[in-house]
Amino acid sequence: MKCDICNKEFTFLYFIGRSNVCNKCIAKHTVFKEVRHSEDELLRKAMRAFDIKSFDDLRKITDDQLDELAMGMVKEKKVKTFKYKKNAGPVKIDGGDYLDAQTELDMEF
């Protein structure tokens, strides 16, 4: 996949809004310098705490905001980051029926 900022090919990219960004570009253009060589825990925490919709929003985070986030003064929002689609199984059950998976398996023999 290609980084949207530097247009180089990478196997691992961060998805920030609609942008695919490599760790080199994040370290170069934002205050998250530790992403280049070590862990990305603070970046993930910032993504949950601040309202970041694009890479430009990530660039706007200042050093003071980063320090407050690292000290725990900024609270994370209680927003789900992943949405799961509930998939109906292949077996349909009517309203009054009860399906016990183990007894169904036992009855097949």
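For reference, positions follow the sequence shown, starting with 1. Every heavy atom of this structure was used, including side-chain atoms; hydrogens, water molecules and symmetry mates were not. As the structure is a prediction and not an experimental result, all values here were calculated from the model.
When every heavy atom of C3 is checked against every heavy atom of C25, the shortest pair comes out as SG-SG, 3.7 Å. Shown here for L42 and L69, the closest heavy-atom pair between the two residues is O-CD2, 3.9 Å. Between I52 and A46 the shortest heavy-atom distance is CD1-O, 3.7 Å.
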Expected list for residues 6-17: side-chain donor-acceptor pairs under 3.5 angstrom, two or more places apart:
from : atom 1 : to  : atom 2 : distance (Å)
E9   : OE2    : M1  : N      : 2.7
Y14  : OH     : D40 : OD2    : 3.1

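Separation of atoms CD1 (I26) and CZ (R36) is listed at 11.5 Å; rounding is to 0.5 Å. Here F32 contributes atom CZ and M47 contributes atom CE; the two are 9.0 Å apart, rounded to the nearest 0.5 Å. From L66, atom CG reaches atom CE of M71 across 10.5 Å, with rounding to the nearest 0.5 Å. In this structure, NE2 on H37 lies 9.5 Å from NZ on K24, to the nearest 0.5 angstrom.
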Open item on the list: Pair F55, T30 - check side-chain contact (heavy atoms from CB on, under 4.5 Å), show working.
Closed with: CA-CA 9 Å; F55 187 66; T30 65; 4.1 Å; yes
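The side chain to side chain donor-acceptor pair (under 3.5 Å) analysis of residues 53-66, with sequence neighbours excluded, yields the pairs D51-K53.
Other residues, nucleotides and ligands contribute over 12 non-hydrogen atoms within 6.0 Å of the NZ atom of K33. Atom CD of E41 is surrounded by 12 or fewer heavy atoms from other residues, nucleotides or ligands within 6.0 Å.
Distance alone, capped at 3.5 Å, is enough to place a donor-acceptor pair between the D4 side chain and the N20 backbone.
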